[in-house]
Amino acid sequence: GMILASAFMNNGNFGTPVVLFLFGMDVLDIAIALMVLQSLLTSTVGVYFAAKGSPSADGIRSALNAVKKTPIAYGAMIGLTFQYLNVPLSKTVQEAVQLVADGAIPTIMILLGMQLATIEFKKISLAKLSLSLFIRLLLSPLIAWIITFLLPVDPLTRQIMILMAAMPTAVYTTIFAVQYDADPNLVSSTTLVSTCLSVITLPWIFHLLL
């Protein structure tokens, strides 16, 4: 639960719009690339730790089996294959994919809301919550700042990478925490509190980047 809450940031419906607002359309492709990479990590590494932290887990093997059953990575590989081979999709398939895509975010928001409604704050460890918030909102952008200076990237890309690393906890982590019973109270509460606190931390970090 701690790993889910602190290691995976909301680069999709939060980070990408923020980058679009601050930097414009010219660099949106950078944010989208980071979002895709983050989604793949969440659906593989995130699922692994969620399954490994499940009360019913029996070790590494069951966690790896959970990763194998997650379809997101397979969908990405199929998409890349179709793109590389220039395989056209029929209008019916495109409409079906778009329908599922349009319903993804509302479904996630409903699930998050249902989980938030059942949070028992008295049972949440304040120490774990505070540590998760510190890692997600402050330590993560600091680590990104150090790493980006070791990478051959231009200053604008460096700013975007650091800003994306400072985003609040990803909503997807709540889904995995609920599915595998990996301390969903902690994960969902960290998602809620980090999203609220990001209103303060993100402008401050962006100010430091200027």
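Because only heavy atoms are used, hydrogens play no part in the values below, and waters and symmetry mates are left out as well, while side chains stay in.
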Does [X] reach the main-chain N or O of [Y] with its side chain, forming a donor-acceptor pair under 3.5 Å?
X	Y	result
Thr157	Val153	no
Ser6	Arg136	no
Ser140	Ala165	yes

Under the side chain to side chain contact (heavy atoms under 4.5 Å, CB included) rule, collect the residues that match up with [X], sequence neighbours excluded.
X	answer
Ile200	none
Val93	Leu89, Ser90, Val97
Thr16	Leu28, Ala31, Ile32, Met35, Met164
Tyr74	Lys68, Met77

Nearest-0.5 Å distance that lies between atom [atom1] in [X] and atom [atom2] in [Y]:
X	Y	atom1	atom2	answer
Leu129	Phe134	CG	CZ	14.0 Å
Gln83	Ile78	CD	CD1	14.5 Å
Ile175	Ser188	CD1	OG	12.0 Å
Thr190	Leu131	OG1	CG	9.5 Å
Met9	Thr173	CE	OG1	11.5 Å
Leu186	Ser132	CG	OG	5.0 Å

Identify, with sequence neighbours excluded, every residue that meets side chain to side chain donor-acceptor pair (under 3.5 Å) alongside [X].
X	result
Asn11	none
Asp29	none
Asn13	Asn10
Gln38	Thr42

Yes or no on side chain to side chain contact (heavy atoms under 4.5 Å, CB included) for Phe14 and Leu202, after CA distance, side-chain angles and deciding distance? CA-CA 11 Å; Phe14 198 115; Leu202 285 176; 3.5 Å; yes

Indicate every side-chain donor-acceptor pair of residues 44-58 with a distance under 3.5 Å to a residue at least two apart or in another chain.
| residue | atom | partner | partner atom | Å |
| --- | --- | --- | --- | --- |
| Thr44 | OG1 | Leu40 | O | 2.6 |
| Thr44 | OG1 | Leu41 | O | 3.4 |
| Ser54 | OG | Ser56 | N | 3.3 |
| Ser54 | OG | Ser56 | OG | 3.1 |
| Ser54 | OG | Tyr180 | O | 2.9 |
| Asp58 | OD1 | Ser62 | OG | 2.9 |

Are [X] and [Y] grouped together when hydrophobic residues (ILVMFWY) are joined by side-chain heavy atoms under 4.5 angstrom apart?
X	Y	result
Val27	Met25	no
Trp204	Leu142	yes
Val67	Val36	no
Val87	Tyr84	yes
Val199	Leu137	no

Minimum heavy-atom distance [X]-[Y], with the two atoms named:
X	Y	result
Gly12	Pro17	O-CD, 3.3 Å
Leu209	Gln159	O-NE2, 2.9 Å
Pro184	Val178	CB-CG2, 4.0 Å

Intermediate values then yes/no, side chain to side chain contact (heavy atoms under 4.5 Å, CB included), Val18 and Met167: CA-CA 9 Å; Val18 169; Met167 293 297 154; 3.9 Å; yes

Is any side-chain heavy atom of [Y] closer than 4.5 Å to one of [X]?
X	Y	answer
Trp145	Ile205	no
Ser198	Thr201	yes
Arg158	Phe149	yes
Val187	Met2	no

Other ILVMFWY residues reachable from Leu80 by side-chain steps of under 4.5 Å: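 Members besides Leu80: none; it forms no cluster.
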
Could you give the side-chain donor-acceptor pairs of residues 102-113 under 3.5 Å, partners two or more places apart or in another chain?
| residue | atom | partner | partner atom | Å |
| --- | --- | --- | --- | --- |
| Asp102 | OD1 | Gln98 | NE2 | 2.8 |
| Thr107 | OG1 | Gly103 | O | 2.6 |

All ring pair (Phe, Tyr, Trp, His ring centres under 6.0 Å) counterparts of Phe206, not counting sequence neighbours: Phe23

Do other residues, nucleotides or ligands put more than 12 heavy atoms under 6.0 Å from the CG atom of Leu156? yes

